[in-house]
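Below is one structure, written out as structure tokens; comments come after it.
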Amino acid sequence: MDTLGIKARKVVDFYVDGFKNMTIGKKLWAIIAIKVAILFLVFKLFFFPDILKENYDNDDDRARAVATELTSR
Amino acid sequence: MEDLIQVVDWSRLQFALTAIVHWLFVPLTIGISLIIAVMETIYYRTKSEKWLKTVKFWMVLFAINFAIGVATGIILEFEFGTNWSNYSWFVGDIFGAPLAIEGLLAFFMEATFFAVMFFGWKKVSPAFHLASTWLVAIGVSLSALWILIANAWMQYPVGMEFDPAQMRNVMSDFMAVATSPVAINKFFHAVTSGWVLASVFVIGVSCIIAAKGKNLQMAKDSVKVAGWIGLIGMIFTMWTGDGSAVEVARVQPMKLAAMEGLYRGEVGQELIGIGIVDEKERDVKYKIAIHKGLSILANHDADSFVPGIDDLIDGIALTPQGDTINTTSYAQRIEIGKAAQQALRDYEAARKAGDQAALSDAISRIKANYQYFGYGYFNSPEEAVPPVALTFYAFHIMVMAGGYLLLFLIVALFIVYKKPVWFDTRLARWIGILSIPVVWICSEAGWIVAEVGRQPWTIQDILPVQAAVSSVTAQSVQITFWLFAVVFAALIAAEISIMVNEVKKGSNKDIIA
Ligand code: HEM
């Protein structure tokens, strides 16, 4: 029986070996990394604020803000 | 006002762009993961090397598509919070916990079983590997489940109650939301149409990898598996498409009328096969139609009445016997919607004043009139009519392409089983390759029907687009629109170039040698 430590080591090795032996996978991981970085570090951070979260402190204020919006259009 | 229209238009355009690009990847992921699982099952049973190599070849294309497509859907959520903040607050629970749980579950399933699928060939037993491949296939379909349920809820809002104190919809009946017939049809139609899409892709790519005379056997084997999955997928797609049409007739009759360019309906309504919509003359010209077809498709009753756009606006429905029934006309709905909105204003005022009696009076008026809340934003009934021509053409493209693809799949199976020499002809190969764009157009057209056909609603009858958008400037939405256009163009270019490269590499060598 493997101890927990050995089991964990096996799982880590599994991923490490897998990543090491990738060919086209490396290119794909690079694309994923660049894409996720652009999405979260550029788009989300600079262009897509959660308007209600940013402008109001609590849910009640948010609710009242939406009520005002929906009854004034 | 001018700016509001611009914000609405640009936000819609941006959402449409993101959704269309996202959907380029999703159905292929759903379908090809199933095809690979079936192929690996054959390998598991036959232990034949050729099937192992075949599985590995398609797995690479699956990985490319997955890597490029993953996270494109997250952008839709960004847009909710920024451009559609009123909407995303107002929908409440539907995007809450279930979506988050599903996201987490999908992430862990994918992180574990994807890894086994790609890294585990020599490290886990064949049975465990096969189980992982199946779990990936099941996992990707399941991760489409809740988002499609949420979409179905917007088309047919059941199982939720509006709470004016929170200004959002609160789930009152989980099962009603999760098992709404619109949701069930939508989920199976979307998933099984993904099987069709991936099958046509696999058949088309098989035509390419066999083009240089190499890989003929592998290509034919792949066509056999894809052909069957595609055909079974198509039967389910047509069945659930018919189910969807029945649901649309029941819960979104205005969408159905737009799908058929129908302004005045009849008992025993015909189904238009092809025609040209004339929105000015409110008619479809040069049409070829099937007698009583729409009544059969929509109501499963040849002599039933299908209301047209003007009938719905007037609030007219007919029984099969031809008796007129008056339902709520759009003019009345506008009145009711305005009453609901006034009640909401009174509610807010009563809250501020702490006037309990006025508060409960307002609540009961909101409840009584809430059903048509969204119509209160319109000044005329015409504002509640979707773009007819676009909905009509999208619907007819989907159905016609569906008919073509059914034939294509049958012929592909016939060729590989009965006339394999035909597979070696240039004509057959070109038809296979050119059918790849057809299936994507077909699938995207399906979403155009579902989403353009429900305009102007973000939530049917409750929240139109002009109320759903945030108070942002049109300019800010324009900027992000163009930024996305650039990123998406790059992603699509990467997908196509990496795939083409891999397929070319495949066609230049004997893959299973
Ligand atoms: C040939 C018979 C078909 C019929 C009668 C049919 C019917 C429909 C209907 C009525 C909708 C709108 C559902 C709604 O608004 O809620 C729809 C949507 C859709 N269709 Fe089809 N369809 C057919 C074939 C296909 C094919 C062959 C594909 C793709 C390969 C496809 C892909 C889609 C997709 C992706 C959607 C959007 C998701 C949804 O709303 O279910 N359809 N279809």
Side-chain angles (χ1 to χ4, degrees), chain A residues 2 4 6-73, chain B residues 4 60 63-64 66-68 70-72 74-75 77-83 85-86 88-90 115-116 118-120 123-124 163-168 341-342 344-345 347-348 351-352 373 376-377 463-464 466-472 476 479-480 483-484 487 490-491 494-495 498 501-502:
Chain A
D2 290 348
L4 204 61
I6 293 175
K7 268 190 194 146
R9 179 81 235 159
K10 275 190 177 163
V11 171
V12 172
D13 281 351
F14 180 82
Y15 280 88
V16 170
D17 279 359
F19 281 114
K20 261 196 212 147
N21 294 324
M22 276 189 315
T23 47
I24 184 166
K26 290 209 176 96
K27 195 193 267 175
L28 297 180
W29 276 108
I31 290 175
I32 293 179
I34 295 168
K35 175 174 59 181
V36 170
I38 293 176
L39 289 187
F40 284 92
L41 301 180
V42 181
F43 283 114
K44 182 67 196 159
L45 225 51
F46 296 108
F47 294 102
F48 286 94
D50 188 317
I51 291 197
L52 291 171
K53 251 196 203 136
E54 263 188 21
N55 294 349
Y56 304 94
D57 297 330
N58 58 58
D59 279 357
D60 193 48
D61 287 355
R62 288 176 195 123
R64 304 293 55 89
V66 173
T68 309
E69 289 265 328
L70 292 193
T71 50
S72 60
R73 286 199 178 167
Chain B
L4 178 66
V60 172
I64 296 169
F66 187 84
I68 300 199
V70 72
T72 48
I74 289 275
I75 303 170
E77 283 189 40
F78 293 177
E79 288 169 31
F80 282 151
T82 305
N83 302 346
S85 60
N86 292 338
S88 46
W89 183 266
F90 192 80
V116 175
F118 284 92
F119 305 157
K123 306 204 170 172
V124 299
D163 174 14
Q166 301 180 53
M167 266 313 285
R168 62 198 325 184
Q341 291 177 14
Q342 186 53 47
L344 187 59
R345 267 180 226 112
Y347 173 88
E348 289 295 312
R351 251 180 84 102
K352 266 198 197 119
F373 183 88
Y377 295 101
L463 199 69
Q466 63 262 48
V469 285
S470 313
S471 295
V472 290
S476 69
I479 292 172
T480 47
L483 286 175
F484 277 148
V487 171
L491 285 179
E495 165 109 346
I498 300 174
N501 218 346
E502 278 305 304

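Nothing here was measured: the structure is a model prediction, and the numbers come from that model.
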Engaged part of B/E348 at the chain A interface, taking heavy atoms whose separation is under 4.5 Å: side chain
Interface moiety of B/I498 toward chain A, non-hydrogen atoms closer than 4.5 Å: side chain
Set of salt bridge (charged side-chain N to carboxylate O under 4.0 Å, His left out) partners for A/E69, sequence neighbours left out: A/R73
Which atoms of B/Y347 are under 4.5 Å from chain A, going by heavy atoms: the side chain, the backbone, both sets, or neither? side chain
Which atoms of B/E79 are under 4.5 Å from chain A, going by heavy atoms: the side chain, the backbone, both sets, or neither? both
Using non-hydrogen atoms and a 4.5 Å limit, figure out which bit of B/L463 sits close to chain A: side chain, backbone, both or neither. side chain
What part of A/L70 lies closer than 4.5 angstrom to a heavy atom of chain B: side chain, backbone, both or neither? both
Give, as side chain, backbone, both or neither, the part of B/V487 having an atom under 4.5 angstrom from any heavy atom of chain A. side chain
Output all residues satisfying salt bridge (charged side-chain N to carboxylate O under 4.0 Å, His left out) with A/R9, sequence neighbours left out; order by chain, then residue number. A/D13
For A/K35, which atoms come within 4.5 Å of any heavy atom of chain B: side chain, backbone, both, or neither? side chain
With chain B, the option among A/T68, A/V42, A/I51 that has the most non-hydrogen atom pairs under 4.5 Å is A/I51
Checking B/I64 against chain A: side chain, backbone, both or neither under 4.5 Å from a heavy atom? both
Taking the six-membered ring for Trp and the single ring otherwise, decide whether the centroids of A/F47 and B/F78 are under 6.0 Å apart. no
Nearest-0.5 Å distance that lies between atom CG in A/L39 and atom CG in A/L45: 12.0 Å
Check whether any side-chain N or O of A/Y56 sits under 3.5 Å from a backbone N or O of A/A63 as a donor-acceptor pair, and report yes or no. no
For the pair A/D61 and A/R64, find out whether any cationic side-chain nitrogen is under 4.0 Å from an anionic carboxylate oxygen. no
Side chain, backbone, both or neither: which part of A/K53 has an atom under 4.5 Å from a heavy atom of chain B? neither
State whether the side chain of A/T71 and the backbone N or O of B/R345 hold a donor-acceptor pair below 3.5 Å, judged by distance alone. no
B/A490 portion near chain A, given a 4.5 angstrom heavy-atom threshold: neither
Ignoring hydrogens and geometry, is there a side-chain-to-backbone donor-acceptor pair from A/W29 to B/A67 under 3.5 Å? no
Residue part contacting chain A, namely of B/S471, when any heavy atom lies under 4.5 Å: both
